[in-house]
Structures are given as structure tokens and as C-alpha cells.
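Notes to accompany the following structure.
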Amino acid sequence: MQHGKYRFIAGFLGAPLALYVIFVIWPFIQSIYYSFTDWTGLSPDFEMVGFDNYSRMLEDQIFWDSLGHSLLFALLLPLVTLGLALFFAFMINVGGRRRKGAAIAGVRGSSFYKVAYFFPQVLSIAIVAVLFAFAYNPNEGAINGLLRAIGLDSIQPQWLGDPDIAIWAVMAVMVWATVGFFVVLFSAGMASIPRDFYEAALLDGASRVTTFFRITIPLLWDTVQSGWVYLGILALGAESFAVVQIMTVGPGGPDYSTTVLVLYVYQTAFRDGQAGYATTIGVALLVITLAFAALVMRLGRRERLEF
Amino acid sequence: MGSTSAHNNEGLGRRNLIKRSAALGLIAVPTMSFLSACASSDSGGDEKVDKGKKTDKNPLGVNDSAPLEIVIFDGGFGTKYAQDAKAVYEKTYPKAQIKFSSTQKIRSQLQPRFNGGTPPDLIDNSGAEQMDMGVLVGKKQLTDLTPLLDAASIDDPSKKVRDTLRPGIVEMGQFDGDPVWIMYYAYTVYGVWYSQTALEKLDATYPENWDDMLALCAKAKKKGIAGWTYAGKHPYYIPFSLYPFIAKIGGREVLDAIDNLEPNAWKHPAVKAAFEAYYELFKKGYILKGTPSIDHIQSQTAWTKGKALFIPNGSWVENEASKTMPADFKLSVGAPSGLDGSDKLPFGTIWASGGEPFIVPKSAKNPDGGMEQLRIMLSEASSKNFTQSVKSLTALNGGTDGIELTPGLTSASAALEKAGANVVNPRLQDWYVKLQKEQIGVAGLGEMMAGRATPAETIKKIQGFADAAAKDQSIKHYKHQ
């Protein structure tokens, strides 16, 4: 039976592997190669410059600033988003007042909340960013308007125009835009946890908080961990690029207070015509993203619970 | 027996299979890198079309049957003016096939074509996605436009195109030495833009010195009107009135030193005086509240609604803000108010320079056709057409006779006339884009005008950026000739 097996396997694997190499591996290799050149991105001629780009990067203050902001995004965004999503999902599915007949239920109107939370997910992040840029307008925007309406005339922040607030304002938008997806994801996860677990815990007199930490979280752990990696990569990559590019002053400001690595790659490559240096920063971003994923997988490892 | 699970060392288990294919991938990867070396250096076409015969009507020797490709930036000026000029080319050379396209995404569309060596024959390299001119020139990607400048003008064959242009246009297209790489088609007047009506309501005239400016702002403040607003998200609009102000105080050499990235150029007393004057606008509360976080459209709208008197801007604002501008707005532009009597240059000193940069790529197939199209655009008929349809002057000197000018355009022409020889043209914004926009603009002036940095701190910061740019070997440096 073993005869011709390798040929059989190669026949199946060859095409996908080739596609993978051409469209996934090759671009990585190319960018690593370009990171050692002085390629401008505007002309086909370039020369090898060795490690020049890398030593330049290590001395580049903007690189370190944007690295700091990117890491802040990668750590805080998952923490806040997943925390909120877990809380909301718990309230929607399990956290309600006990009613007749059902041992566990969501809060009243939970099916409406589920839709409401998910709603931002159907909007493109670009639209979300533009809408919030209007909302943050200090004179005519909705947020300061609301503050005025409830009598807080004295509190009229500049939002995106203030270097101390801008990055938090941007992060709030990203949380708003992503939390709904995880509410739905965790709801699905919670729905698959057997109800008897909760019933047994409630019979033993466990409070809602206890059931949340002792039953829900351990049984959802795998989902939470994947969500963490996914959100971290989102925060290091496309999503933070879009909101920072569209919303903030500069963009990336005021005074570099919101620059993130992806945005810096984009500006270096396309505005400054230094594609070689940009790929160098891109390689750094690649390393950081891989390290982040590895770290989360490692730290998050715990005993698997089966049910 | 199936081959998808490991079985007593016989055959290949699933895990082994994955391991081995990973190893295969690792071997394959280094071999690729040899190939990728050639990935971007595929310069496809350097073949040019044949030259046509030079005649009086065709001084550039355009091949009348060669195809021509034009790409136009579709921005504040639209594309109609370019299409009208294209129609003239078609009429002159009926055998030529013209491919005309327009886009707002110049860079995303054209960068791959530059890399591949197949760019179009004529490009309006403008807008937010403008390709960096310094890099294009530095990497020898452009055609020298000197033949166009030395060709006979369409309206008067005894004159060269060069002699029909506004002062400074040719120099702006040069970077280092004689070749002219860029033909700026529009002519932009920068300065302090205001509504004559709004000033009349305050019973005031445009202030010629800073004390009058402050007095006027104080008067406006009492009526609940801010003195100034600016594009807070794009603080690099502030230099449109600030740079000529510096030149007026300290002479144009100060700006030249800044452009040349000379050490301590920003520490000149004129710079300090100008910064302090602008900072005073913030300190006295003469800047519209919330200005640091609004963009150019929002600031222009606040200004056309009468919430602020003055805005630093360019002459495109008339077209761009036309939708929100009241009919009786009486748009005008003022040269920067001076500081006091000891200013080096007279009142009227203003920043005016070319806009809408047109380029002919080096590896264009039909560069003569591209230049001929520019020659047509620089004729009086095409120029008038542009001025009438988009409310902006062109690089052609004159050419406005017999057409009715809009209020802003009238005011801009008058400002140019008053300035006479005192037109300054700072080059930071086309030589060092990052330095001008992000470092001086956002990180420097933006912070100062928001009141988060003093003029002294700002000067120190900007000088640091300028020194870093001067030292940076990865950017090409230019000097005023």
C-alpha cells in the first residue's frame, strides 16, 4: 500500500505549497532583501547598502516613538476590548436575573444588545474613523456638544488636537469598532458551555461573579487566547494604520503623539520615497508581531478543559 | 492502511509529513532570494517613438502619428482644462492616438509604472499622493524640459516659451544646475485671506503692521469673532503667511538660508520676531477656539461663516471654499502685515509660486508629445480657459485680458502687482517635504500655535530638525543658486 505514496502526497501538496511560497513567503523574502538596499520605490535602480538602514533605524527617535505607541496598542487594545466583550457576552448570556423556568438567562433585551454591539462591525474601519473625526471636532463635534448639553461647558477638550489625549481618543474608537465582534464570538462560546455547570454552581450558592471566573473564563480560554493574538495583530497592523491615518493631526500627531509603526512604514515608503528604509521598519514590525504572537501563546498556555 | 496517521515507523505519518514539508519550504526560501534580486529591475521599455519633422508649426519635432498618454491629477482644479487642451492636440495632430486618464491617486497608479520603466508621457504630479520630486530628480527619472522652454511660443513664434512665463517659474522647475525638470502650470498666491465685507462690518481696513493687526483682532474679539484660524490638522498652512512675514522683517536672505539648511538659520532675529508675533495671537486669545484639531475644510468653513477674520491659505481657496462662501464675501488676499518700520522689505512682500507640477518622465515613449501638450497648455487660449474655469492664474504671464476675474483672483493679481519684485518663493515644501510638513509644520508650528510650546522652544526644536535633515545622507540636498 505504501507504493507511490510520496508521489501521491506531493501531488496534493505541491500546488498549495507553491502558491503559499509565491504569495506569502516570497514577499517576506523580498522585503528582507530590500531592507538592505537604498531603493527609493520610484526608480528601478538601487544599490546594496549593507546594514545602514538598520543602524539608522536604531538611532531614529520617530521609530522608537512609533514602536512605543504600537506596543501600547498591542497590549492595551486586547485587554480592554476582550475585557469588555467578556463582560457584555456574560451579561447577555448568563448574567440576567433568574426568571421562572430558566436557570440561567441573559439580561432583559439581550437579543437587542447582541445586534447593537455587533453593529459597528458592519461598517468599514475607514468610515468609522471619518465619523469619529467629526464627532471629536471640538467646536461642532457631537462629543463636546454633548458635554455642553449636560452643562459641562468648562470641559471642552481638544481631543485629537491634544497630544495627551489624542492616542486615547484613537484607541477608544478602535475598541468601539472591534468589541462587538468579540461579544458575538464569546456568546457563541458561552452558548456551547453546558448549562448544568451553571445550574450546579448556582445550586451550590455561587454568585454571578464566581461563575464568571470559575466556569465561563476557564471554559472559554482558548477563544480568549485566539482573540488576543488576533486583536494584537490587528492593533499592530491595518486597523491602527487606518484610524491614525484618517483621524489624527498630521497624521500621526500632534507632535508624533499617535504615530504607529505601520503608518511610519507607509510614510517613509510613499511620502519620503525611501522604500528601502521603509522595508527595514517593516522587518522590525514583522519580528515584533511574531514575538507578540509567540509570547501570548506561551503565556496563555494552560491546562485544557474538556467538556 | 491509511497514510494519515503515524504507524510504527512504517510510512510517513502526518507529523513527519508536516515536518518534512516545512524543511522543504526552508530550503526553497533561500533559492528564491537569488531570483528576487531581479524582481524590480525589469525596465521594460526604453524605446522611444521616432522623431517627427521640425517645422515652424512643430518646433519640437513631434511625431504626428505617435500615441500620447496623459495622466492628470483630478483635484481642486478638476480635469476639464486638461481635456480642452488635449482636444487642441488632437486637432493639430489628427493621426495621434491619445490616451487620457485622471486620478486622485497619482502615486498608487504611477509608482509601479516608474518602477517598471513604462510611465506615461505627461503627468500632473499633484495632490496628497504626489510623488516626491526630489527623489524623482535625484534618481534621474525625468526628462529635461529645456527644449520646450526654447521652443517658439504658440501665440508669438518670435518669442520663446521661456519668455512668456511668469518670473520664477523656470527656476522653480530646476533643482541643481541648468536642467528644468518640472513645468508648474498654475500660479498660486499665498498669504492672509480675508473677507472684505467682514472688515467693512468692523469698520476696518487690512492692517499693514502688527500693532494694527492686534488692535483689529481685539476689536473683533469684542464682537465674538476670532482674529485667525488655520488648518489645525495641517499646520503647514501657517507658513503661507509666516514665511513672507519673516522675509519682510529680515530680508529674503533669511529664507534662503533656511532653504539651504544652513546652521542656525532659524536662530535669526527675524524668525524669532515673527514667531513671537504669531504666538501673541494665541496668548491674547485671537485664534478661533478648537482650531488645533480641525482640518483645512473645517477651518475654511468656520472662516467663510464669519467665525474668524483671517486664514493663511493659497489662491486655490476661492475654488475650494466656493460652496460655503456667501455671495457678498468679497474674498481678498493680503500680504503679511509687517512688524514695524524697521522691516527690511516694504509692505506687499508676498509668497507666490508655481502650482500643479507637470512632468515628462525620462522613460516616456513620446517625450516630445508630452512637451508639445505643455506648449499648447501654455498658449494664451488654453491659459485663459484655465483661469476662467478654475479661478486660478497660470504660469503664462498675462493672458487675463478680456476675461472677467473673480474677486479673489482680482485681489491676487493686485497683490502681485503691488509686490512687484518682492515676491518670495521658499522652497522647503518642494525640496524637503517631510521637514516642511511634518517636522516644522505639525511638530513645530502646530504645537506653538496651540500654545503648547513657546517661540524659543519651537525655534530650538525646528533648528534641530533642520540640522538633522542637513546631515541625513539619504535625502538629496539642494541650494539656492
Side-chain angles (χ1 to χ4, degrees), chain A residues 1-2 5-6 8-9 13 17-18 20-22 25-26 28-30 32-34 38-46 52-53 56 62 133-134 136-141 144 156-163 166 248-256 267-268 270-277, chain B residues 1 3 10-12 17 21 24-25 28-30 32-33 35-37 39-43 107-108 111 114-117 129-132 134-136 138-141 232-235 288-295 298 302 307 433-434 437-438 441-444 446-447 450 452-453 474-475:
Chain A
M1 283 303 284
Q2 298 292 317
K5 197 176 64 181
Y6 285 99
F8 176 75
I9 292 166
L13 271 188
L17 194 66
Y20 181 78
V21 166
I22 291 170
I25 305 282
W26 179 299
F28 279 114
I29 300 298
Q30 270 192 323
I32 293 169
Y33 168 76
Y34 284 131
D38 65 351
W39 186 38
T40 57
L42 285 167
S43 117
D45 338 305
F46 53 83
D52 283 9
N53 285 332
R56 180 180 161 200
I62 313 287
F134 283 120
Y136 279 129
N137 179 329
N139 296 329
E140 279 142 29
N144 278 3
Q156 295 283 300
Q158 291 279 339
W159 299 115
L160 301 170
D162 185 333
T248 64
V249 173
D255 202 15
Y256 299 112
Q267 287 177 336
T268 314
F270 299 112
R271 184 196 54 200
D272 306 341
Q274 299 182 349
Y277 182 45
Chain B
M1 161 181 315
S3 59
E10 60 174 319
L12 184 65
L17 177 66
S21 44
L24 189 75
V29 157
M32 295 297 179
S33 61
L35 299 171
S36 73
S40 78
S41 47
D42 172 32
S43 43
R107 187 169 55 215
S108 338
Q111 189 159 354
F114 269 93
N115 263 320
E129 282 216 359
Q130 184 180 57
M131 293 176 286
D132 192 299
V135 175
L136 284 175
K139 287 280 163 183
K140 303 199 169 34
Q141 292 297 307
K233 281 197 179 182
H234 314 283
L288 180 68
K289 237 177 113 228
T291 294
S293 35
I294 56 179
D295 67 13
Q298 289 164 339
K307 291 186 181 167
V433 180
K434 178 181 181 175
K437 287 193 170 174
E438 186 179 294
V442 180
E447 290 299 287
R452 291 189 290 258
S474 61
I475 50 181

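Keep in mind it's a predicted model, so treat the numbers as computed, not measured. Here is how names work: the chains are called A, B, and so on, in the same order as the sequence lines, proteins then strands, and each is numbered from 1.
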Self-check item: Sidechain-backbone polar pair: Arg56(A) side chain, Tyr277(A) backbone, donor-acceptor under 3.5 Å
Solution: no

Quiz item: With only heavy atoms counted, which part of Asp272(A) is less than 4.5 Å from chain B, the side chain, the backbone, both or neither?
Solution: both

Quiz item: Which distance, rounded to the nearest 0.5 Å, do you find between the CD of Gln267(A) and the CD1 of Ile62(A)?
Solution: 9.5 Å

Quiz prompt | Side-chain donor/acceptor of Gln111(B) to backbone N/O of Gly41(A), under 3.5 Å | solution = yes

Practice problem: Measure the spacing between CD1 of Ile294(B) and NE2 of His234(B) and express it to the nearest 0.5 Å. | Solution: 10.5 Å

Quiz prompt | Residue among Lys437(B), Gln298(B), Met131(B) with most heavy-atom pairs under 4.5 Å to chain A | solution = Gln298(B)

Self-check item: Pick from Thr248(A), Leu160(A), Asn137(A), Asp45(A) with the largest number of heavy-atom pairs that fall under 4.5 Å of chain B
Solution: Asn137(A)

Exercise. Sort Glu447(B) into side chain, backbone, both or neither according to what part of it lies under 4.5 angstrom from a heavy atom of chain A.
Key: side chain

Quiz item: Rounded to the nearest 0.5 Å, how far does NZ of Lys434(B) lie from OG1 of Thr268(A)?
Solution: 6.0 Å

Self-check item: Residue part contacting chain A, namely of Lys307(B), when any heavy atom lies under 4.5 Å
Solution: side chain

Quiz prompt | Heavy-atom proximity to chain B below 4.5 Å, by part of Pro163(A) | solution = both

Quiz item: Of the listed residues (Gly250(A), Gly273(A), Gly253(A)), which shares the most heavy-atom pairs with chain B below a 4.5 Å separation?
Solution: Gly250(A)

Quiz prompt | Any residue meeting side-chain contact (heavy atoms from CB on, under 4.5 Å) with Lys139(B), in chain and number order, not counting sequence neighbours | solution = Asp38(A), Thr40(A), Ser43(A), Val135(B), Gln141(B)

Exercise. Pick whichever of Ile475(B), Val433(B), Val442(B), Asp295(B) has the most heavy-atom pairs under 4.5 Å with chain A.
Key: Val442(B)

Quiz item: With a 4.5 angstrom heavy-atom cut-off, which part of Gln274(A) approaches chain B: side chain, backbone, both or neither?
Solution: side chain

Practice problem: Just give me the residue among Ile32(A), Asn144(A), Leu42(A) that pairs up with chain B most often, heavy atom to heavy atom, under 4.5 Å. | Solution: Leu42(A)

Quiz item: Would you find a donor on one side and an acceptor on the other, under 3.5 Å apart, between the side chain of Ser293(B) and the backbone of Gln158(A)?
Solution: yes

Self-check item: Top of Gly161(A), Gly276(A), Gly141(A) for chain B proximity - count of heavy-atom pairs under 4.5 angstrom
Solution: Gly161(A)

Quiz item: For Ala443(B), which residues count as a side-chain contact (heavy atoms from CB on, under 4.5 Å) partner, sequence neighbours excluded?
Solution: Asp255(A), Tyr256(A), Lys461(B), Phe465(B)

